[in-house]
Amino acid sequence: MAGKLQKVSESACFGGVQGVYTFASDTCACDMTFGLYLPPQAKDGSVPVLWYLSGLTCTHENAMVKAGAQGWAARHGLALVFPDTSPRGQEVADDAAYDLGQGAGFYVDATQDPWAAHYRMETHVARELPDVVAAHFPLDMDRQGITGHSMGGHGALTLALRNPGRYRSVSAFAPITAPGRVAWGQKALRAYLGGDETAWRAHDTVALIEDGHRLDEILVDQGTADQFLDSGLKPELLAEACRKAGIPLTLTLREGYDHSYFFVATFMEAHVAWAAGRLKA
Ligand SMILES: N[C@@H](CCC(=O)N[C@@H](CS)C(=O)NCC(=O)O)C(=O)O
């Protein structure tokens with residue numbers, strides 16, 4: 001269990017509080033920062049939690065300031081957690097490219113040097129941070145949902161598939177559906193997990209489904225003008241895997257939308273409502 005939580009900031013927001021906190025992470029062996037939004041309903045008791053995992057180049061901050069999620073979360077009485085996307089610091093291995101190293105943790109626990117010392121983002125997001133937030137905030141950890149964008153969509157889908165029953169709602173914005181089959185995913189998984197591609201399958205949504213992992217249902221939105229659609233995201237592979245596995249997938253192609261937070265913000269209301277419908281039932 002991580003040590004003391006330090007408050008970086010707390011700001012009133014839609015009747016609740018948008019906070020930023022940092023703590024010495026045992027898992028990542030560095031300080032880790034996250035954003036947490038508590039809706040006004042948290043003043044009266046514990047509230048369900050929606051995890052939002054961000055994409056390449058992001059910190060905890062991008063979605064917190066650009067996605068417009070807090071107003072919808074306040075309406076539905078959900079807390080939001082915005083984890084960082086990688087370990088951080090001068091002593092933490094990095095790469096000059098935007099799709100490897102700091103800002104690009106891919107929600108896996110690295111087994112390869114020089115990454116293994118700090119890059120343990122799966123354990124950070126799925127084990128350590130839940131313990132930290134549960135200990136400090138009025139959250140109902142029996143009612144957790146997960147969503148995310150791009151690399152964070154990959155994180156949301158793979159963590160949900162790998163932790164059956166943990167997340168009662170699962171959705172994604174423009175997720176990397178099959179990292180083992182696209183360049184940025186192959187690069188990251190090779191670096192973090194090594195050259196044995198069988199190890200990658202446990203962190204690849206399409207492969208996990210092909211290998212028998214299941215979810216009750218999935219919501220995905222994807223812009224048709226997304227610059228990474230064919231090279232990095234491949235929603236058609238997810239659609240095919242879900243069809244074969246009998247997983248209900250609500251995949252909507254959004255005409256003219258690109259990969260940016262303008263797209264995420266446009267469809268955030270629907271994803272928060274999707275989570276609320278499943279977490280509050
Ligand atoms: N920097 C990359 C793009 C990275 C990118 O699009 N990142 C997305 C997630 S995959 C993002 O959310 N960026 C941060 C932002 O828009 O605030 C490039 O130049 O191709």
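Keep in mind that what you see is a predicted model, and the values were worked out from it rather than measured. In each ligand, atom 1 is the first atom listed, and ligand 1 is the first ligand listed.
- Atoms OG and NE2, from Ser54 and His149 in turn, are 9.0 Å apart once rounded to the nearest 0.5 Å.
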Would you mind writing out a table of all protein N or O atoms found under 3.5 Å from any N or O atom of ligand 1, naming both atoms and giving the distance to 0.1 Å?
unit_1: ligand 1; atom_1: 7 (N); unit_2: Leu56; atom_2: O; d: 2.9
unit_1: ligand 1; atom_1: 13 (N); unit_2: Thr57; atom_2: OG1; d: 3.4
unit_1: ligand 1; atom_1: 16 (O); unit_2: Lys66; atom_2: NZ; d: 3.4
unit_1: ligand 1; atom_1: 17 (O); unit_2: Asn62; atom_2: ND2; d: 2.8
unit_1: ligand 1; atom_1: 17 (O); unit_2: Lys66; atom_2: NZ; d: 2.6

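- By the 4.0 Å N-to-carboxylate-O rule, Arg88 lies too far from Asp31 to be salt-bridged with it.
- For Phe34, the ring-ring contact (aromatic ring centres under 6.0 Å, His included) partners are Tyr21, not counting sequence neighbours.
- With sequence neighbours excluded, the residues satisfying side chain to side chain donor-acceptor pair (under 3.5 Å) with Arg127 are Asn163.
- A salt bridge (charged side-chain N to carboxylate O under 4.0 Å, His left out) with Glu210 is found for one member of Arg243, Arg201, Lys244 and no other, namely Arg201.
- Within the structure, every pair that satisfies the salt bridge (Lys or Arg N to Asp or Glu O under 4.0 Å) test and touches residues 6-22, not counting sequence neighbours, is listed here: Lys7-Glu10.
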